[in-house]
Peer 1: 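One structure coming up, written as structure tokens, with questions to follow.
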Amino acid sequence: MRLSTYFLPLLRENPTEAQIVSHRLMLRSGMIRQSSAGIYSWLPFGLRVLRKIENIVRDEQNRAGAQELLMPTIQPAELWRESGRYDDYGDEMLRIRDRHERDMLYGPTNEELITDIFRQNIKSYRDLPKNLYHIQWKFRDEVRPRFGVMRGREFLMKDAYSFDLDLAGARRSYNKMFLAYLRTFARLGLKAIPMRADTGPIGGDLSHEFIILADTGESQVYCDKAWLNTDILSSNVEYDGDLQPFFQRWTALYAATEEKHDVANSPIPAADLLAARGIEVGQIFYLGTKYSRPMNAVVAGPDGEQIVAEMGCYGIGVSRLTGAIIEASHDDSGIIWPESVAPFHAGLINLRAGDSASTAAADGLYAALLKAGIDALYDDRAESPGVKFAAMDLIGLPWQLVVGPRSLQRGVVEVKNRRSGQREDMTAEAAINRLRAGL
RNA sequence: CGGGGCGUAGCUCAGCCUGGUAGAGCGCCAGCUUUGGGAGCUGGAAGUCGGAGGUUCGAAUCCUCUCGCCCCGACCA
């Protein structure tokens, strides 16, 4: 993509409404624009990141045996009356009425709808287990949206729902998602610590939140300091095997959210305890029959008896992750994208757009990059060098390639790694090989 | 929902106290000169001062109401 034609509205200064770094950088780098409180448009650059995150989440869900479907954003109130949540949910639920005066709502979550789909279509124990998920926009009418996409009213969430015959099966489904989440966040370049969590209004009695430690986080959390030096699982998982040992390994070190931590009776010595702020990027719940029983989601057992499905639900805040990744990976100059979610793999700067030799060399390198399968953003604008360097640092692509009179004279291109800041001169071929190695 | 703050050009802000009909820097457009870490000069475009009502000869400025946004707290993927 040539920057001269790309829609990338960069801001030189920090908008006053943005207080935390991820919000500022998302606005400045032209990723998002606010439409009203807690509701954002995703511009091309931001959407690229959102889609990359979404695809990693999807890939890991599929590997763990979950099946993707897509449920609507608008739901009928009746289903929520069945579960009893139509009255319980309160003002956070956006309620609307259609032209026939029917009560509808913009879905804040999908337990009711998925349970309805399940009960209409699954009738036999032979069809279990099932884990169904979708990645869809949700709306929660937060009293106080803030921090950009970190706490928006409209947000993109992956929510999965498991159905099992019994507690052992539900436990197994829970463990699969637990491990899938560890892998997902690791692939996103994040250290997300699984913490014992309160189940809240969703219900159930087994739950973990996945937390990224960050000063700007909204959650107060407590964990063993050893987590700081622990690399989270990224190896392959055999989902058909016994997952309980994995679960035990990744919950052996203490970690709990504020609601689950008893400050007066900490289970680990104060010297080992880290009290910190964190960003919740995912949460998983064992639900039991909280929804399946009132909504009569039952299957026939081997002896013809009616068995109420055991459920679990598993959420990842996809749009929130965009902000969380930036919170975890930036410096004073701007964003530093992990390679796995970078909107472009590399940025190419032609330092002297008015110079024919420099432009010819940069054009050639750009063509070679595309041919090599490297998604590059080519700054071919007639701007001064400083402007281009600053813009490239701001938008945080993992690699920067610089072509200009100086490098041309030496017959090289300059390759800069955004994260380390290291610069190296090399031939165009060597540069392409270097970049391909990271794909 | 309690407490606080802010709405003036695309962005950051000044002007408001003490009323006289709107400014700066950056950005944008044109031209020239520049060119390795947010260049210089010249010229130009751009704001019904969030909205409504009131006071006044006259309101960005004073008064009332209202809408929007942000921050702290309580609540939450």
Side-chain angles (χ1 to χ4, degrees), chain A residues 9-20 23-24 27-28 30 33-39 57 89-93 107-111 135-160 181 192 197-202 207-212 217-219 257-259 278-285 313-324 332-334 349-355 358 381-394 400 402-410 414 416 421 423:
Chain A
L10 302 177
L11 300 178
R12 197 173 274 232
E13 291 173 272
N14 284 324
T16 32
E17 77 259 24
Q19 296 299 316
I20 69 166
H23 190 193
R24 284 186 192 153
L27 289 167
R28 289 193 53 203
R33 286 295 182 265
Q34 180 168 322
S35 91
S36 58
I39 303 178
V57 169
Y89 220 93
D91 290 337
E92 247 177 64
M93 185 153 76
T109 177
N110 284 67
E111 283 82 4
I135 299 173
Q136 178 64 292
W137 292 92
K138 308 291 190 290
F139 194 92
R140 294 184 190 174
D141 201 357
E142 298 278 348
V143 199
R144 193 187 147 209
R146 66 191 118 163
F147 302 150
V149 300
M150 303 281 281
R151 176 158 299 284
R153 290 194 291 171
E154 188 185 56
F155 57 96
L156 188 61
M157 182 164 98
K158 185 285 299 182
D159 40 324
Y181 275 36
D198 202 32
T199 52
I202 296 183
S207 180
H208 285 85
E209 282 184 24
F210 293 77
I211 301 278
I212 292 160
E218 293 187 85
S219 311
T257 59
E258 189 173 29
E259 298 78 20
I279 300 166
E280 181 192 342
V281 289
Q283 185 167 12
I284 59 178
F285 303 82
C313 72
Y314 317 91
I316 289 179
V318 176
S319 48
R320 174 182 284 183
L321 272 167
T322 313
D332 289 345
S333 303
I349 295 178
N350 177 13
L351 271 187
R352 199 76 67 84
D355 180 85
S358 183
R381 299 174 301 167
E383 290 286 350
S384 68
V387 170
K388 294 188 171 188
F389 286 130
M392 203 53 85
D393 285 347
L394 172 65
Q400 299 176 8
V402 179
V403 171
R406 275 195 206 169
S407 59
L408 274 184
Q409 210 164 36
R410 285 174 285 157
E414 291 169 24
K416 175 179 156 184
R423 293 157 209 259

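The figures here come from the full heavy-atom set of this structure, side chains too, leaving out hydrogens, waters and symmetry mates. Small disclaimer: the values here were computed from a predicted structure and weren't measured.
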Peer 1: Watson-Crick or G-U wobble partner for B:A46, using a 3.5 Å limit on both distances?
Peer 2: none
Peer 1: Does any non-hydrogen side-chain atom of A:V403 lie less than 4.5 Å from one of A:S358?
Peer 2: yes
Peer 1: B:A74 and B:G68: how far apart are their P atoms, nearest whole angstrom?
Peer 2: 25 Å
Peer 1: If you define the side chain from C-beta out and look only at heavy atoms, does anything of A:L27 sit under 4.5 Å from A:E17?
Peer 2: yes
Peer 1: Side chain of A:R320, backbone of A:M150: donor and acceptor closer than 3.5 Å?
Peer 2: yes
Peer 1: Rounded to the nearest Å, what distance is computed from the CZ atom of residue A:R146 to the P atom of nucleotide B:C70?
Peer 2: 11 Å
Peer 1: If we take the P atom in both B:G58 and B:G54, what is their distance in whole Å?
Peer 2: 12 Å
Peer 1: From CZ of A:R144 over to P of B:G3, roughly how many Å is that when rounded to an integer?
Peer 2: 15 Å
Peer 1: Please report the distance separating the P of B:U55 from the corresponding atom of B:G15, rounded so that it comes out in whole Å.
Peer 2: 29 Å
Peer 1: From CZ of A:R381 over to C1' of B:G27, roughly how many Å is that when rounded to an integer?
Peer 2: 12 Å
Peer 1: Starting at atom CD of A:E218, determine the distance to atom P of B:A74, rounded to an integer number of angstrom.
Peer 2: 11 Å
Peer 1: Quote, to the nearest angstrom, the C1' distance that separates B:U35 from B:C70.
Peer 2: 40 Å
Peer 1: Looking at A:R28 and A:L11, would you say the former's side chain and the latter's main chain have a donor-acceptor pair under 3.5 Å?
Peer 2: yes
Peer 1: Whole-Å distance between B:C11 C1' and A:H23 NE2?
Peer 2: 14 Å
Peer 1: What does the list of N/O pairs under 3.5 Å between the protein and nucleotides 36-39 of chain B look like, with a distance for each?
Peer 2:
{"unit_1": "B:G36", "atom_1": "O2'", "unit_2": "A:R406", "atom_2": "NH1", "d": "3.0"}
{"unit_1": "B:G36", "atom_1": "O2'", "unit_2": "A:R406", "atom_2": "NH2", "d": "2.5"}
{"unit_1": "B:G36", "atom_1": "O6", "unit_2": "A:R406", "atom_2": "N", "d": "3.0"}
{"unit_1": "B:G36", "atom_1": "O6", "unit_2": "A:S407", "atom_2": "N", "d": "2.9"}
{"unit_1": "B:G36", "atom_1": "N1", "unit_2": "A:E414", "atom_2": "OE2", "d": "2.8"}
{"unit_1": "B:G36", "atom_1": "N2", "unit_2": "A:E414", "atom_2": "OE1", "d": "2.1"}
{"unit_1": "B:G36", "atom_1": "N2", "unit_2": "A:E414", "atom_2": "OE2", "d": "2.8"}
{"unit_1": "B:G37", "atom_1": "O6", "unit_2": "A:R423", "atom_2": "NH1", "d": "3.0"}
{"unit_1": "B:G37", "atom_1": "O6", "unit_2": "A:R423", "atom_2": "NH2", "d": "2.9"}
{"unit_1": "B:G37", "atom_1": "N1", "unit_2": "A:D393", "atom_2": "OD2", "d": "3.1"}
{"unit_1": "B:G37", "atom_1": "N2", "unit_2": "A:D393", "atom_2": "OD2", "d": "2.3"}
{"unit_1": "B:G38", "atom_1": "O2'", "unit_2": "A:R12", "atom_2": "NH1", "d": "3.1"}
{"unit_1": "B:G38", "atom_1": "O6", "unit_2": "A:R28", "atom_2": "NH2", "d": "2.8"}
{"unit_1": "B:A39", "atom_1": "OP1", "unit_2": "A:S384", "atom_2": "OG", "d": "3.3"}

Peer 1: Which part of the nucleic acid, if any, lies within reach of A:E13 when heavy atoms closer than 4.0 Å are counted: base, sugar-phosphate only, or nothing?
Peer 2: base
Peer 1: Which nucleotide, in any strand shown, forms a Watson-Crick or G-U wobble pair with B:C17, with both distances under 3.5 Å?
Peer 2: none
Peer 1: Sort out the partner of B:C6 for me: Watson-Crick or G-U wobble, both distances under 3.5 Å, none otherwise.
Peer 2: B:G68
Peer 1: Expressed as a whole number of Å, how far does the C1' atom of B:G4 sit from that of B:U61?
Peer 2: 23 Å
Peer 1: I'd like the C1' distance from B:A60 over to B:G20, given in whole Å.
Peer 2: 13 Å
Peer 1: Starting at CD of A:E142 and ending at P of B:C71, how long is that distance when rounded to a whole Å?
Peer 2: 13 Å
Peer 1: For nucleotides 4-9 of chain B, give me every protein contact, N/O to N/O, under 3.5 Å, one pair per line with atom names.
Peer 2:
none

Peer 1: Provide the Watson-Crick or G-U wobble partner of B:C32, both distances under 3.5 Å; none if there is no partner.
Peer 2: B:G40
Peer 1: Determine the Euclidean distance between corresponding P atoms of B:C6 and B:C62; express it in Å to zero decimal places.
Peer 2: 12 Å
Peer 1: So what does A:Q34 touch, heavy atoms closer than 4.0 Å: a base, only the sugar-phosphate, or nothing?
Peer 2: sugar-phosphate
Peer 1: Tell me, do A:N110 and A:Q136 make a side-chain contact under 4.5 Å, heavy atoms counted?
Peer 2: no
Peer 1: Any strand is fair game: report the nucleotide pairing with B:G73 by Watson-Crick or G-U wobble, both distances under 3.5 Å, or none.
Peer 2: B:C1
Peer 1: Once you apply a heavy-atom cut-off of 4.0 Å, does A:G323 come out as touching a base, just sugar-phosphate, or nothing?
Peer 2: nothing
Peer 1: So does A:L394 get a backbone contact from the side chain of A:S333, meaning a donor-acceptor N/O pair under 3.5 Å?
Peer 2: no
Peer 1: Would you check if the side chain of A:K388 reaches a backbone N or O of A:L351 as a donor-acceptor pair within less than 3.5 Å?
Peer 2: no
Peer 1: Tell me if a side-chain donor or acceptor on A:Q19 pairs with a main-chain N or O of A:T16 at a distance below 3.5 Å.
Peer 2: yes
Peer 1: When rounded to the nearest Å, what value does the distance between P atoms of B:G7 and B:C49 take?
Peer 2: 15 Å
Peer 1: Starting the side chain at C-beta, find the nucleotide from B:C69, B:C13, B:C71 nearest to A:T16.
Peer 2: B:C13
Peer 1: Rounding to a whole Å, what distance do you find between A:E383:CD and B:C28:C1'?
Peer 2: 11 Å
Peer 1: Got a donor-acceptor contact below 3.5 angstrom from the A:R140 side chain to the A:P108 backbone?
Peer 2: yes
Peer 1: Expressed in angstrom and rounded to an integer, what is the separation of A:D141 atom CG from B:C75 atom P?
Peer 2: 18 Å
Peer 1: Taking pairing as Watson-Crick or G-U wobble with both contacts under 3.5 Å, can you name the mate of B:G27, or confirm there isn't one?
Peer 2: none
Peer 1: Distance-only, no hydrogens or angles: does the A:Y181 side chain make a donor-acceptor pair with backbone N or O of A:Y314 under 3.5 Å?
Peer 2: yes
Peer 1: Only one of A:K158, A:Q283, A:M157 forms a side chain to side chain contact (heavy atoms under 4.5 Å, CB included) with A:I316, so which one is it?
Peer 2: A:K158
